[in-house]
Amino acid sequence: MAASATTPRVALVTGAGQGIGRSIALRLAADGLDVAVNDIPSNAEALRAVAAEIESAGHRATTVLADVSDPVAVDEMVEQVATDLGKLDVMIANAGIAHVKPLLEVTPDEFDHLMSINLRGVHLCYTAAAKRMIAQGGGGKIIGACSIVGYRPFPLLGPYSASKWAVRGLTQAAAMEWAQHGITVNAYCPGIVGTAMWDHIDEKLAENEGLRKGAAIDKYSELIHLGRVSVPEDVAKFVSYLASPDSDYMTGQSVMIDGGIQFS
Ligand code: NAD
């Protein structure tokens, strides 16, 4: 059933307890959407704080604890969003993890674990959202977290880079298959964003390269033409556009929002 045009649109943001996902959730709420925020149970407290922040600004929010690599949990998550907020118009498959290790040391289990979140998790979120949007009948916006490493890998981030490269391919295929349903599918490719993820990458790169803490982020920051490390709000502003009707004629794109590190 098509949702009424007068009710606010509903977005679901995965991995929204902190970092880029949190910032996207706050921005979409400020844009006037009702927002469901997801994270894993170990981040439940932070997730509830994000929902409370949205509600205290006068918007509707709901929280859904789920691991995006679990197919049953992802289906139930989308069902819960529809129950709590009435429908689903915008899916942001943001959750992701990073491992920093030389390829020769990555174990098969580590590889599978990373892919289960960064690639299978995105696939599960994309497809669960698309099924819901097709059933609703009003089209929708599906948006995934890619990265500059989806275009040019970083050393010591091999499986992570491969997962983001694959998200770019999945985004293109999904865009082709679901255009007939009025669903657009795009991805954002941040560069170096000052979040817990980059703190972890910096620490591990420093360990591997015998550098002091902070040295790796300084080294990679020299690549940024706009001269500063990104903040999550830089990414959220672009995702706001991807989630809005202003991007209706854009699909299948994975767009760099990196201060000018990598050019497409
Ligand atoms: P972050 O580590 O700060 O936050 C990631 C969030 O995802 C956390 O709240 C975490 O609990 C959650 N999460 C992890 N596994 C999950 C799972 N299985 N199910 C549900 N939630 C899960 O990371 P961030 O920097 O905010 O990154 C967000 C996204 O942007 C990721 O996909 C990341 O790969 C991508 N990205 C980040 C950067 C960067 O510089 N930080 C650059 C390019 C791309």
Side-chain angles (χ1 to χ4, degrees), residues 12-27 36-51 63-74 76-77 91-100 112-125 128 143-154 157 159-168 170-171 187-205 216-217 220-221 223-224 228-236 238-239 254-259 261-262:
L12 165 59
V13 186
T14 69
Q18 64 188 49
I20 294 170
R22 172 183 174 276
S23 191
I24 291 170
L26 296 175
R27 173 61 196 247
V37 288
N38 151 267
D39 215 296
I40 44 179
S42 60
N43 221 8
E45 200 178 322
L47 190 68
R48 279 194 291 272
V50 175
T63 59
V64 199
L65 293 174
D67 180 335
V68 297
S69 67
D70 176 342
V72 175
V74 171
E76 288 175 355
M77 169 169 73
M91 163 62 91
I92 316 283
N94 168 76
I97 62 166
H99 292 163
V100 182
D112 286 350
H113 177 61
L114 185 136
M115 289 295 171
S116 77
I117 297 169
N118 288 16
L119 180 54
R120 188 173 70 187
V122 171
H123 171 253
L124 292 172
C125 289
I143 300 162
C146 188
S147 166
I148 52 169
V149 300
Y151 284 88
R152 182 168 188 262
F154 276 17
L157 284 164
Y160 177 78
S161 302
S163 74
K164 296 300 183 182
W165 201 289
V167 164
R168 192 152 65 88
L170 187 69
T171 298
Y188 50 97
C189 303
I192 299 174
V193 191
T195 65
M197 178 175 283
W198 245 97
D199 287 346
H200 169 74
I201 293 172
D202 176 73
E203 191 181 318
K204 293 290 169 193
L205 284 176
I217 204 159
Y220 284 102
S221 297
L223 304 171
I224 305 173
R228 67 167 173 85
V229 168
S230 177
V231 291
E233 290 72 22
D234 294 319
V235 181
F238 178 56
V239 175
S254 294
V255 179
M256 248 82 72
I257 171 81
D258 67 349
I261 300 175
Q262 180 67 31

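Atoms within each ligand, like the ligands themselves, are counted from 1 in listed order.
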So is there a nitrogen or oxygen of [X] less than 3.5 Å from a nitrogen or oxygen in ligand 1?
X: Ile192; result: no
X: Val68; result: yes
X: Tyr188; result: no

Counting C-beta onward and ignoring hydrogens, is there a side-chain heavy-atom pair between [X] and [Y] closer than 4.5 Å?
X: Arg27; Y: Val239; result: no
X: Ile201; Y: Leu205; result: yes
X: Asp258; Y: Ile192; result: no
X: Cys146; Y: Thr171; result: no
X: Ile92; Y: Tyr188; result: yes

With no hydrogens and no angle check, is any side-chain donor or acceptor of [X] less than 3.5 Å from a backbone partner on [Y]?
X: Lys164; Y: Ala145; value: yes
X: Asn94; Y: Thr14; value: yes
X: Arg168; Y: Gly150; value: yes
X: Asp234; Y: Val231; value: yes

Look up atom [atom1] in [X] and atom [atom2] in [Y], then write down how far apart they are to the nearest 0.5 Å.
X: Ile261; Y: Ile148; atom1: CD1; atom2: CD1; answer: 4.0 Å
X: Asp39; Y: Asp67; atom1: CG; atom2: CG; answer: 10.0 Å
X: Met77; Y: Met91; atom1: CE; atom2: CE; answer: 4.5 Å
X: Ser69; Y: Leu114; atom1: OG; atom2: CG; answer: 11.0 Å

Out of [options], indicate the one that has the non-hydrogen atom closest to [atom].
atom: atom 42 (C) of ligand 1; options: Gly191, Ala46, Ser147, Gly194; value: Gly191
atom: atom 14 (C) of ligand 1; options: Val229, Val193, Ile97; value: Ile97
atom: atom 5 (C) of ligand 1; options: Gly21, Gly96, Ala145; value: Gly96

At a non-hydrogen distance cut-off of under 4.0 Å, which region of [X] contacts ligand 1 (side chain, backbone, both, or neither)?
X: Cys189; answer: neither
X: Ala66; answer: backbone
X: Asp67; answer: both
X: Lys164; answer: side chain
X: Asn43; answer: side chain

For [X], the ligand 1 atoms whose distance to one of its heavy atoms is below 4.0 Å:
X: Trp198; answer: 39 (C), 40 (O), 41 (N)
X: Pro190; answer: 42 (C), 43 (C), 44 (C)
X: Met197; answer: 2 (O), 3 (O), 23 (O), 25 (O), 33 (C), 34 (O), 37 (C)
X: Gly19; answer: 26 (O)
X: Ile117; answer: 18 (N)

Looking only at protein heavy atoms, identify the closest one to [atom] and say how far it is in Å.
atom: atom 29 (C) of ligand 1; answer: Asn94 O, 3.1 Å
atom: atom 10 (C) of ligand 1; answer: Asp39 OD1, 3.4 Å
atom: atom 21 (N) of ligand 1; answer: Ala95 CB, 3.5 Å
atom: atom 1 (P) of ligand 1; answer: Gln18 NE2, 3.4 Å
atom: atom 16 (C) of ligand 1; answer: Ile40 CG2, 3.8 Å
atom: atom 44 (C) of ligand 1; answer: Cys146 O, 3.3 Å
atom: atom 35 (C) of ligand 1; answer: Tyr160 OH, 3.9 Å
atom: atom 24 (P) of ligand 1; answer: Thr195 OG1, 3.7 Å

His99 and His113 aromatic ring geometry - parallel, tilted or perpendicular at 30°/60° bounds:
parallel
Any atom of ligand 1 sitting under 4.0 Å from a heavy atom of His200?
no
Consider ligand 1: state whether an atom of it lies below 4.0 angstrom from any non-hydrogen atom of Thr14.
no
Which of these passes side-chain contact (heavy atoms from CB on, under 4.5 Å) with His123: Val167, Leu170, Val68?
Leu170
